[in-house]
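We count ligands from 1, going down the list as the structure has it; atoms in each ligand are counted the same way.
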Amino acid sequence: MDLENFEALGLSADVLKALNEMGFEKPTEIQGQTIPTLLEKPQDFIGLAQTGTGKTAAFGLPLLELIEPRDRHPQALILAPTRELAQQIGKQLADFSRHMAKLNIVCVFGGASITGQMQEIRRGAQIVVATPGRLIDLSKRGAIKLNSLEYVILDEADEMLNMGFKDDLDYILAQAPDEKITWLFSATMPKEIRRMVKDYMVNPAEIKVNPDNIVNTNIEHKYAIIKASDKTEALRRMMDFDPNMYGVVFCRTKRDTQRVADELVASGYAAEPLHGDLSQAQRDAVMRRFRANNLQMLIATDVAARGIDVNNLTHVIHLALPDDWEYYTHRSGRTARAGKKGVSISLITKGDMRKVRLLENKLGISFEKAMIPAIAEIAKNRVSHWSEKLAKQEPNKMLDAEMMLIAEQSLEIFTREDIVAKFISAQLDRILKQNSLSDLNDNSKGNSRDSRDGRGDRGRDRDRGRGRDRERGERGERNSRGQEAGMHRYYINLGMMDNLNKGGLLRFICDNTGLEGNDIGRISLDQRHALFDVNEKGSTKMGQLNGQKYDGREIRVNRDDDGGRKTSDRGGSGNRRGGSFGGKKGKSRRY
Ligand code: ADP
Ligand code: MG
């Protein structure tokens, strides 16, 4: 059969005429496959396709052919999650049926007068489009008889469940007669829908139009096998390796998101958690910072990340694979939007390989094995970044003959190579000093590609986790948290005693001043107080913190610029400005 044009699909002349007028020239893929199937014989049906693929016409056109126009009682019920969607469906069906005689389509939804809707149904309608809650109200008032329905169509079934209509759907499906024909359309097939299919549908035909490939062809799927305890470290290494990484890390629980974000922030990365316990205002603030690129990584739960539409994300990272494989598609679809490329990488333990294979089968994708870069590789990468940057460095205006002389005097005995080596080594020290050298890739059980750099204390990562501050300048390239020029140091009477860590304090400051994460520099936290750096713009806002309450206690913030010079050596690119060249207090930091 030629599924390439509507004439071939078995539709009547009236409908074809309307389609033609509406500018529907060719059926979409889901339409081409679904319409003949539904017209062929009465049967239950599952149609899976992404939004925007034309599902309304896929079920609407065959339905119009199957309805008996002369019979004016509701024969078909179409359920949709929201008023807007119900209205859109109603409008499309009205358009499709404009040349069909005597067909009434009624749209009912909450938030509008129920009596008017009752009258409309009473006047006679063959098709009712409804949101579940209102439909139940109408049925309880006797305005519509569920037990004489012939067709029940669940549109956007996954979304209806997400919106909490599970019980309503159960009620409606149970009240409708056993002989009814049920068509279900959805973008995904979570467990709960499978359960409904089993309970209410009989041998449904199923058509699935590449629901995953539509968004996924631009996504590279990868996995890395590591130990569960190495996951955050692996994340850090990936971020170190690729300073342009910008993405979402998915965790299974709220607590995980908080923990991972805290660990990243503690080591100087711009990351924040997004989970359901945040207030709307907090969520908005986080998303604003993320969109503005002030956050490199958003650490999110599945639920909280639903509907995140941020373009240009380079990576989606699964810190744990989702329990439900449908979610994998949801998650990875956050990257590679609008024709861009993206990487979806799963950090898994050996036992999870089974799940990866399952995903490959279910989704028709293939995964490539990735290796977590060894410190040596990261170092190499950073040296190349850093030298490129150095090559572009313009001589600073302050640099004069005297300064050159001072430097040259101390360095004159060295060759050019020596000096380059020294510069690089200063960079490397930073990376190497406190990183474990262990190979994070779990190569046990005969994985072949394990000859990399596992030398030394493999797996005995002694110093992981703490004291990684020294690195922050290194990755400052994109998140600019590591800027030192023009920073001012402040004291605040909040500390660990207040159950705050650096991330918590950063959020508190930002949320109460309207500043963004990159207005704030280094934070160091004590039991009772903290010191933090703020840029020029942020300085003007610090007054707003004074007198605010935290846990009932009044906040005090003071300028504490004295120690400021000390902060300047955390800067990116090995910059020693402000420290080395003859202590012109403070001044040297302005630039
Ligand atoms: P879905 O329900 O899958 O999200 P819709 O049924 O709402 O998608 O259709 C999306 C848009 O595409 C609508 O504006 C619809 O009018 C239009 N459309 C659907 N099928 C066709 C087609 N065959 N030719 C042209 N436009 C179409
Ligand atoms: Mg739709």
Side-chain angles (χ1 to χ4, degrees), residues 1-39 45-65 76-99 105 107-109 127-132 135 151-163 165 169 182-190 193 206-216 306-307 309 326 329-330 333 337-338:
M1 192 190 310
D2 178 11
L3 304 178
E4 289 282 293
N5 69 61
F6 282 111
E7 285 73 19
L9 300 182
L11 298 168
S12 63
D14 289 344
V15 168
L16 290 173
K17 189 169 169 205
L19 287 174
N20 189 29
E21 289 165 2
M22 291 169 70
F24 280 37
E25 287 169 10
K26 278 177 167 188
T28 65
E29 197 173 349
I30 185 88
Q31 290 163 359
Q33 298 196 43
T34 303
I35 294 169
T37 310
L38 293 181
L39 288 174
F45 180 86
I46 299 169
L48 297 171
Q50 296 279 318
T51 339
T53 51
K55 294 191 288 294
T56 315
F59 64 77
L61 297 175
L63 184 67
L64 292 174
E65 305 289 351
L77 169 65
I78 302 171
L79 292 168
T82 65
R83 167 194 186 136
E84 289 70 29
L85 285 168
Q87 285 174 319
Q88 273 174 38
I89 295 168
K91 165 94 179 39
Q92 280 212 52
L93 294 187
D95 283 344
F96 296 147
S97 63
R98 60 168 77 139
H99 298 297
I105 299 154
C107 234
V108 297
F109 39 77
I127 299 176
V128 175
V129 188
T131 52
L135 198 270
Y151 297 91
V152 174
I153 298 162
L154 308 172
D155 190 24
E156 309 250 9
D158 52 354
E159 202 50 38
M160 288 201 279
L161 292 177
N162 284 342
M163 293 182 59
F165 286 131
L169 295 182
T182 308
W183 299 341
L184 182 151
F185 286 82
S186 190
T188 61
M189 259 309 248
I193 295 194
E206 180 170 330
I207 284 175
K208 174 169 167 174
V209 174
N210 247 359
D212 317 300
N213 288 342
I214 287 174
V215 275
N216 280 9
R306 181 162 295 144
D309 55 337
E326 307 281 353
T329 312
H330 275 303
R337 296 167 73 82

### Message
Just to be sure I'm reading this right: ignoring hydrogens, which of Phe96, Phe59, Phe24 gets closest to atom 24 (N) of ligand 1? Compare them by their nearest heavy atoms.
### Response
Phe24
### Query
At what distance, to the nearest 0.5 angstrom, does CG of Leu48 lie from NZ of Lys55?
9.0 Å
### Task
Calculate, to the nearest 0.5 Å, the distance between atoms NE2 and CG belonging to His330 and Asp158 respectively.
6.0 Å
### Message
Can you tell me which portion of Gln92 lies within the under-4.0 Å heavy-atom range of ligand 1? Options are side chain, backbone, both, or neither.
### Response
side chain
#### Entry: Side chain, backbone, both or neither: the part of Phe6 lying under 4.0 Å from ligand 1 by heavy atom
side chain
Pairs of nitrogen or oxygen atoms closer than 3.5 Å, one from [X] and one from ligand 1: do any exist?
X     : result
Thr56 : yes
Lys26 : yes
Lys55 : yes
Gln31 : yes
Gly54 : yes

Quick one: does [X]'s side chain get under 4.5 Å of [Y]'s, heavy atoms only?
X      : Y      : result
Leu11  : Leu19  : yes
Leu169 : Met160 : yes
Asn20  : Lys17  : no
Trp183 : Thr34  : no
Glu21  : Arg98  : yes

### Message
Any heavy atom of Met22 closer to ligand 1 than 4.0 angstrom?
### Response
no
### Query
For ligand 1, is there an atom lying under 4.0 Å from some heavy atom of Phe185?
no
### Query
Backbone N or O of Ala57 within a donor-acceptor pair of the Gln92 side chain at under 3.5 Å?
no
#### Entry: Per-atom contacts, ligand 1 versus Thr28 - under 4.0 Å to a heavy atom
20 (N), 23 (N)
